[in-house]
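All values below come from the heavy atoms of this structure, side chains included, with hydrogens, waters and symmetry mates left out.
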Amino acid sequence: MLIAAALSLSTLLTIAAAPAPTGPVTAEEQRAAAAITPELLRAHVKFLASDLLEGRGPASRGDSLAREYVATELEALGFQPGAPDGGWVQKVPLVGIMPKIPDTLTVRSGAEKIDLVYRQDFMAFPGVQKPEARIDDAELVFVGYGIVAPEYQWDDYKNVDVRGKVIVMMNNDPESDPNLFAGKTRLWYGRWDYKYEMAGKKGAAGAILIHTTPSAGYPWQVVQTSWAGEKFELPYEGEARAQIKMWATDEACHKIAALGGKDLDKLRAAAEKRDFVPVSLGVRMSFALESAIVQKESGNVVGWLPGSDPKLKEQIVLYTAHHDHFGIKEGAKPGADSIYNGALDNASGVSAVLAVARAYAALPKPPRRSVYFASVTAEEQGLLGSAYLAKHPPVPPGRIAANINIDGANIWGRTSDLTMIGLGKSTLDPIVVALAKSQGRVVKPDQFPDRGFFYRSDQFNLAKIGVPAAYFSGGTDFIGRPPGWGREQIETWEATHYHQPSDEYRDDWDLSGAVEDVRLDFWLGSRVANADAMPHWNPGDEFEAARKKAVADLEAH
C-alpha cells in the first residue's frame with residue numbers, strides 16, 4: 001500500500017508539472033479534463049481486469065459483468081441509454097464454434113508424407129458454421145500474398161482456378177518496392193481476415209497462412225492463443241467461405257514445399273512481382289473438423305449525451321473501446337495462471353472511455369453535437385461487436401461526425417510525442433496536431449507501420465461505412481528516458497504479454513502519460529462536437545467513397 005501510495009503521489013506531481021493546455025482548448029474544457037486522473041483510470045482497470053471477471057470472454061459471466069459495470073457507470077454520470085430498444089445494451093447475436101482439432105495434419109506427395117503437429121506446427125479453425133468442415137484430398141497451391149488489388153494492377157490469382165484446393169499464402173502485402181501498395185506500411189490487403197475472405201470468394205476449400213513474426217506483427221504464441229478454444233462469429237449471411245482456415249509456422253511451410261520438390265524461399269521471392277503466377281506445390285492433404293455450434297448472445301453497451309444545438313444534436317461523435325478478451329485458458333496446468341485478464345488490452349481502453357465520459361459530464365453545457373459512448377464486444381474474435389454496431393448504428397452513418405477509438409493505454413509514463421494511427425487520412429489531423437501542441441507534444445505517424453494497426457481495431461468497421469476515425473497509440477519518446485527506451489518497452493510487452501494471461505494490472509503502471517492521451521481524446525471529441533462542419537476523409541483516401549455515399553444517402557432521404 002505504501003508503494004502504491006508513493007507511485008500515486010509521484011504521478012500527480014508529474015502531471016501537475018506538465019504544461020497547461022492552451023490555444024484550441026477552452027477554459028471549460030480544461031476544467032472538465034481535470035476529472036481524468038490516474039486514480040480514475042486505475043480504478044476502472046483494476047475492476048475490469050480482475051479475476052472476478054474471468055477474462056471477459058464473449059457471452060460469458062465476465063462479459064455480462066463488464067457490460068453491467070459500464071452501463072452502471074454511464075448511468076451514474078447522467079447519460080441516457082442508447083441501444084435500439086431504449087436500454088443500455090445493443091444485443092449482438094453470436095455463433096459459438098468449438099471444434100475438435102486432430103492432433104496431426106498429414107500432407108502427402110506420392111508415397112511420401114509429413115505429419116504436422118497441432119499447436120506446434122499449425123493452428124486450424126472451421127471457416128463454416130456447420131458441425132463438420134472437410135477438405136478431401138485437395139491439392140495445395142501457393143498463391144503468393146493472395147491479393148487481388150486492381151488499383152495497384154495486382155492479382156496473385158491470375159484467373160487460376162483454385163476451387164476445391166487449399167491455397168498457401170504469405171501474410172502482409174508486398175513491401176520491397178515503396179511504389180507498390182504502401183511500402184512498409186501494411187494495408188488491409190495484408191491482413192489475415194482479408195486473405196481468408198478472398199480465399200472464400202475464389203472457392204478455395206482451405207487456406208493456410210504462413211506465419212513469421214515480422215509478417216504477422218506478433219510471435220507464434222499469439223496465434224496459438226488467438227486461434228484456440230471456442231471462437232465466435234456473427235451469424236452467417238450467405239458469404240462465400242473456405243471450409244477450413246489455417247495458420248502454419250514458417251518451418252512447417254518449408255517442409256510442405258520441400259515435400260513437393262519446391263523451394264519456398266524462391267517461391268516467395270517470385271511472388272514479390274506483378275507477373276507472379278500461382279504454383280502447385282505438388283502435395284495434397286485431407287483434413288476434417290467436427291464442431292459444436294451454439295447460438296449465443298453478447299452485447300455492445302451504448303450510452304449518450306444529447307447535444308445542445310437544436311440542429312446539430314442530430315449528428316454525433318462516437319467513442320468506442322472493446323471490453324472483451326479471451327476468457328479462461330483451456331487445458332492450463334494446475335496452479336498456472338489461466339485467466340486472460342486483458343488489463344492493457346483492453347480494460348485500459350474501456351477505462352479511458354469512461355474517464356472521457358466523466359469529463360463530458362463535468363462540462364457546464366453539453367457540446368453542440370450529441371456524444372455516444374460504446375463499449376463493444378468480441379473485438380478479439382474479429383472486430384465483431386463494432387461490425388454489428390456499424391451495420392446497426394445509432395444514427396445513419398452520414399450523421400456520425402467522427403469515431404474516436406481507444407484500444408490500449410500508455411502505462412509507461414509521459415511522452416513528448418503522440419502516435420496517430422492513420423495520420424494523413426482525414427481532416428481530423430490538424431485538430432489533433434493543435435491539441436498535442438497545446439500539451440507540448442508532437443504528433444507522429446504509426447511507429448510500427450508494418451503491423452497494420454489501423455485495420456486491427458474497431459475504428460476500421462466505422463471507417464468502412466465512411467466515418468472519419470481517430471485511433472491513437474501512446475508515443476515512443478518518453479520524457480526522462482534514453483532514446484529507444486519506449487520502443488523497447490512496447491516490443492517487450494508485445495512479445496511477452498500480448499494476448500497472454502500475463503496481461504494483468506500492476507500497481508507500478510505509470511499512468512501520467514495515459515492521462516494526457518485521454519484528455520486529448522476528450523478535447524478532440526469536444527472540438528469535433530462543437531465545430532460548424534463535420535470532418536471528412538482526405539481526397540483519394542480509401543474510405544472517401546464510403547463517406548460520400550453515406551452523405552448522399554442522407555440527402556436522398
Side-chain angles (χ1 to χ4, degrees), residues 3-19 33 36-46 48-49 217-219 222 321 325 341-353 355-356 405-421 423 432 435-436 439-449 451 453 456-457 471-522:
I3 294 175
L7 285 170
S8 177
L9 178 60
S10 172
T11 299
L12 286 172
L13 290 173
T14 301
I15 293 172
I36 301 170
T37 65
E39 289 74 21
L40 179 63
L41 296 174
R42 196 179 298 276
H44 288 317
V45 174
K46 287 179 72 172
L48 290 167
Y218 38 76
V222 173
H325 207 52
N341 300 86
L344 182 59
D345 183 16
N346 186 37
S348 68
V350 177
S351 173
V353 166
V356 167
N405 183 53
I406 307 177
D407 195 352
N410 168 13
I411 61 173
W412 295 287
R414 291 183 59 221
T415 62
S416 60
D417 61 340
L418 174 73
T419 299
M420 183 173 183
I421 309 297
L423 183 66
V432 175
L435 290 169
Q439 294 179 315
R441 300 199 290 170
V442 297
V443 177
K444 295 180 179 178
D446 189 351
Q447 300 300 290
F448 302 90
R451 312 290 173 86
F453 284 133
R456 286 171 58 177
S457 194
Y471 171 37
F472 303 114
S473 178
T476 56
D477 294 335
F478 284 79
I479 296 172
R481 301 288 187 176
W485 183 88
R487 178 178 287 268
E488 180 182 345
Q489 304 311 303
I490 295 168
E491 291 182 332
T492 298
W493 187 90
E494 184 177 79
T496 307
H497 305 299
Y498 179 55
H499 287 187
Q500 302 303 311
S502 57
D503 178 9
E504 297 182 302
Y505 166 78
R506 292 170 55 100
D507 282 335
D508 63 358
W509 283 7
D510 182 349
L511 297 177
S512 56
V515 166
E516 291 192 316
D517 293 347
V518 178
R519 287 178 178 177
L520 191 144
D521 287 318
F522 163 55

Closest contact, heavy atoms only, Ala347 versus Val45: O-CG2, 3.9 Å

Spacing of Leu511 atom CG and Glu39 atom CD [to the nearest 0.5 Å]: 9.0 Å

side-chain hydrogen bond (donor to acceptor under 3.5 Å, both in side chains) against Thr496, all qualifying residues, sequence neighbours excluded: none

Least distance between heavy atoms, Ala321 atom then Val350 atom: CB-N, 3.8 Å

CA sep, side-chain torsions, deciding dist, call: Trp509, Arg42, side-chain contact (heavy atoms from CB on, under 4.5 Å): CA-CA 9 Å; Trp509 283 7; Arg42 196 179 298 276; 4.2 Å; yes

Salt bridge (Lys or Arg N to Asp or Glu O under 4.0 Å) involving Glu494 - partner list, sequence neighbours excluded: Arg451

Matching residue for Asp477 among Lys444, Arg441, Gln447 - test: side chain to side chain donor-acceptor pair (under 3.5 Å): Lys444

Between Ser457 and Asn405: side-chain donor-acceptor atoms closer than 3.5 Å: yes

side-chain hydrogen bond (donor to acceptor under 3.5 Å, both in side chains) against Gln500, all qualifying residues, sequence neighbours excluded: Thr225

Spacing of Ile411 atom CD1 and Gln489 atom CD [to the nearest 0.5 Å]: 9.0 Å

Residue pair His497 / Leu344, side-chain heavy-atom distance below 4.5 Å: no

Shortest non-hydrogen contact from Asn341 toward Asp503: CB-O, 3.5 Å

